[in-house]
Amino acid sequence: MGNVKSTDEIYRDLAALSRAASGWCIHNPNVAAAVYDADGCFIAEGAHKKKISNDHAEVIALNAAGSKARGGTLYVSLEPCNHTGATGPCTEAIKSSGIKRVVYAVADPNPIARGGAQALQEAGIEAIHQPSSTMEFEQRAWLHRITTGRPLITAKVAITLDGYIAAEDGTSQWITSEASREDVQYLRAQVGAVITSTETFLNDQPSLLPRIANAPTPLRVVMGTRDIPSTQFTHLKSHEIAELIELLNNEGINHALVESGGKLLASLIKGDVIDELMIYQAPKLLGAGKKWVEALGINSLSQALTWELLGTERISDDVKSHYRRVRG
């Protein structure tokens, strides 16, 4: 019994599964699930990956557990769904599995799918909501889309100590270290779309793909009215933010990443659709060059936009900082 994990430890394992699945999920949440037997020993786990299969995490985990699930506990990052969509309700799969207890981290805010806990309880299965800020964070993109009607949008920026993304002559490769650039690949692998401007695309010819073996392919969006010499990207020939949001929503994107110059980023910030910043800062000084964000129309300190620091870490000689926009 020494290897029996606490619920918090199980949630940490589910968080890693959920994070790894996030780039594979469109329209649906990046749910993770695990089955443990009556003695608290691990049996099987699963994560929803919409781009691969319609099967939900609970079904994947229960199928892997088979008859061993009977009498056990199912831990789920999100309250099991109680509706029929591309698949049947997860509550029905749980009922037929012989599971005795379900512990879930986040209540489902989707009015179409919620009610799973009540359905399980009515069937005689114990359903426990044990909240987890860790699991809520890992599923924050889908939760954001359900509650606000648009994807979570993160801007990634690589800058010098004095806030430049390029020197005066336009050179920008490379401001940050190789280790930081490798870290960005994992960031790309966790989102459903990567967005850039026509200016950045024409100047740098970025692939916008995660350079990781077997990683999911994000929707690659180039935004702007100038023509681009490629048909492998989704070209949104517009500067209208509403059209960008409509495109992302139609594609079922939960989380989008912006990698662009200061002009597009300033437009998106002024349009109040940048929710998070991921800033990689290198120990270099330029003194002049291209700023990472252009003028925002702010004239007074009282008008400053406020951001909450979510975390910071050292990557080689660079510093990676993760911020969330504070609204209201």
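Position 1 is the first residue of the sequence; numbering continues from there.
Between atom CG of residue Leu74 and atom CG of residue Leu62 there is a gap of 5.5 Å, rounded to the nearest 0.5 Å. Going from atom CD1 of Ile228 over to atom OG1 of Thr234 covers 9.0 Å, rounded to the nearest 0.5 Å. Distance check, rounded to the nearest 0.5 Å: OG1 of Thr198 to CG of Leu236 gives 10.5 Å. Rounding to the nearest 0.5 angstrom, the gap separating the NE2 atom in His239 from the CD1 atom in Ile241 is 11.5 Å. Going from atom CD1 of Ile99 over to atom CD1 of Ile94 covers 8.0 Å, rounded to the nearest 0.5 Å. Here the straight-line distance linking atom OG1 of Thr200 with atom CE of Met223 works out to 12.5 Å at 0.5 Å rounding.
Linking ILVMFWY residues whenever their side-chain heavy atoms come closer than 4.5 Å, directly or via other members, places Val221 and Leu268 in the same cluster. Cluster annotation: Ile298 is connected to Leu265 through the hydrophobic network of ILVMFWY side chains, with a link wherever side-chain heavy atoms come within less than 4.5 Å. Under a hydrophobic clustering in which Ile, Leu, Val, Met, Phe, Trp and Tyr are joined whenever their side-chain heavy atoms come within less than 4.5 Å, directly or via other members, Val184 and Trp292 fall into different clusters. Leu247 and Phe233 fall into different hydrophobic clusters, defined by Ile, Leu, Val, Met, Phe, Trp and Tyr side-chain heavy atoms under 4.5 Å apart, directly or through other members. Taken together through direct or relayed side-chain contacts under 4.5 Å among Ile, Leu, Val, Met, Phe, Trp and Tyr, Leu257 and Tyr323 form parts of separate hydrophobic clusters.
Using a 4.5 Å cut-off on side-chain heavy atoms (C-beta onward), Asp183 and Tyr280 make contact. When side chains are defined from C-beta on, Ile153 counts as touching Ile245, because their heavy atoms get closer than 4.5 Å. With a 4.5 Å cut-off on side-chain heavy atoms, Asp108 and Asn82 do not count as touching. Under the 4.5 Å side-chain criterion, counting only non-hydrogen atoms from C-beta, Glu58 is not in contact with Thr91. In this structure, Trp142 and Val106 have side chains that are not in contact, with every pair of non-hydrogen atoms separated by 4.5 Å or more. Side-chain contact between Leu248 and Ile195: present, with at least one pair of heavy atoms (C-beta onward) separated by less than 4.5 Å. In this structure, the side chains of Gln281 and Ser321 stay at 4.5 Å or more apart for every pair of heavy atoms. The side-chain heavy atoms of Asp272 and Arg327, taken from C-beta on, include a pair separated by under 4.5 Å.
Looking only at distances, a side-chain donor or acceptor of Gln185 sits under 3.5 Å from a matching main-chain atom of Arg181. Without hydrogens or angle criteria, Lys5 side chain to Tyr11 main chain gives no donor-acceptor distance under 3.5 Å. Between the Arg145 side chain and the His27 main chain, a donor and an acceptor come within less than 3.5 Å of each other. Asn30 places a side-chain N or O within donor-acceptor distance of the main-chain N or O of Glu138, the cut-off being under 3.5 Å. Side-chain N or O atoms of Lys284 include one that pairs as donor or acceptor with a backbone N or O of Ile175 at under 3.5 Å. Side-chain N or O atoms of Gln118 include none that pairs as donor or acceptor with a backbone N or O of Gly115 at under 3.5 Å. Checked by atom type and distance alone, the side chain of Ser96 pairs as donor or acceptor with a backbone atom of Glu92 at under 3.5 Å. Listed for the Glu79 side chain is a donor-acceptor partner under 3.5 Å among the backbone atoms of Ala117. Side chain of Ser18 to backbone of Val31: no donor-acceptor contact under 3.5 angstrom is found. With hydrogens and angles ignored, the 3.5 Å screen pairs a side-chain donor or acceptor of His235 with a backbone N or O of Gly224.
Contact detail for Ala215 and Trp24: the closest heavy-atom pair is C-CZ2, 4.0 Å. When all heavy atoms are compared, the tightest approach of Val102 to Pro80 is CG1-CG, 4.1 Å. Pairing each heavy atom of Leu78 with each of Pro29, the nearest pair is CD2-CG, 3.7 Å. Nearest heavy-atom pair, Ile165 versus Ala158, reported as atom, atom and distance to 0.1 Å: CG2-O, 3.5 Å. Shown here for Leu14 and Ala32, the closest heavy-atom pair between the two residues is O-CB, 3.5 Å. The two residues Leu264 and Ser260 have their closest heavy-atom pair at CB-OG, 3.6 Å.
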*Determine, step by step, whether Leu209 and Arg211 satisfy the side chain to side chain contact (heavy atoms under 4.5 Å, CB included) criterion, reporting the C-alpha distance in whole Å, the side-chain angles of both residues, the deciding distance to 0.1 Å, and the verdict.*
CA-CA 6 Å; Leu209 291 171; Arg211 294 189 292 274; 5.7 Å; no
*Check step by step if side chain to side chain contact (heavy atoms under 4.5 Å, CB included) holds for Gln139 and Ser77.*
CA-CA 8 Å; Gln139 297 169 117; Ser77 61; 2.7 Å; yes
*Given the rule in the side chain to side chain contact (heavy atoms under 4.5 Å, CB included) test, do Lys291 and Tyr164 qualify, once you have shown the distances and angles that lead to the verdict?*
CA-CA 5 Å; Lys291 283 285 189 180; Tyr164 293 103; 3.9 Å; yes
*Show your reasoning for whether side-chain hydrogen bond (donor to acceptor under 3.5 Å, both in side chains) applies to Thr176 and Asp318.*
CA-CA 7 Å; Thr176 53; Asp318 303 332; 4.6 Å; no
_side chain to side chain contact (heavy atoms under 4.5 Å, CB included) between His56 and Cys81, worked out_ = CA-CA 9 Å; His56 290 189; Cys81 69; 3.7 Å; yes
*Could you check Lys237 against Asp227 for salt bridge (Lys or Arg N to Asp or Glu O under 4.0 Å), going step by step and ending with a plain yes or no?*
CA-CA 8 Å; Lys237 298 190 75 171; Asp227 291 333; 2.7 Å; yes
*Could you walk me through whether Asp8 and Ser6 pass side-chain hydrogen bond (donor to acceptor under 3.5 Å, both in side chains), step by step?*
CA-CA 5 Å; Asp8 285 343; Ser6 68; 5.3 Å; no
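Between Cys25 and the choices His48, His255, Gln190, the side-chain contact (heavy atoms from CB on, under 4.5 Å) rule is met once, by His48. Screening His144, Arg325, His322 for a side-chain contact (heavy atoms from CB on, under 4.5 Å) with Glu276, the sole residue that qualifies is His322. Of the candidates Arg150, Arg140, Arg324, Arg150 is the only one forming a side chain to side chain donor-acceptor pair (under 3.5 Å) with Asp275.
Counting heavy-atom neighbours within 6.0 Å of Glu308 CD, excluding the residue itself, gives a total above 12. Within a 6.0 Å sphere centred on NZ of Lys100, heavy atoms belonging to other residues, nucleotides or ligands number 12 at most.
Phe42 and Tyr36 have perpendicular rings, their planes meeting at more than 60° on a 0 to 90° scale where under 30° would count as parallel.
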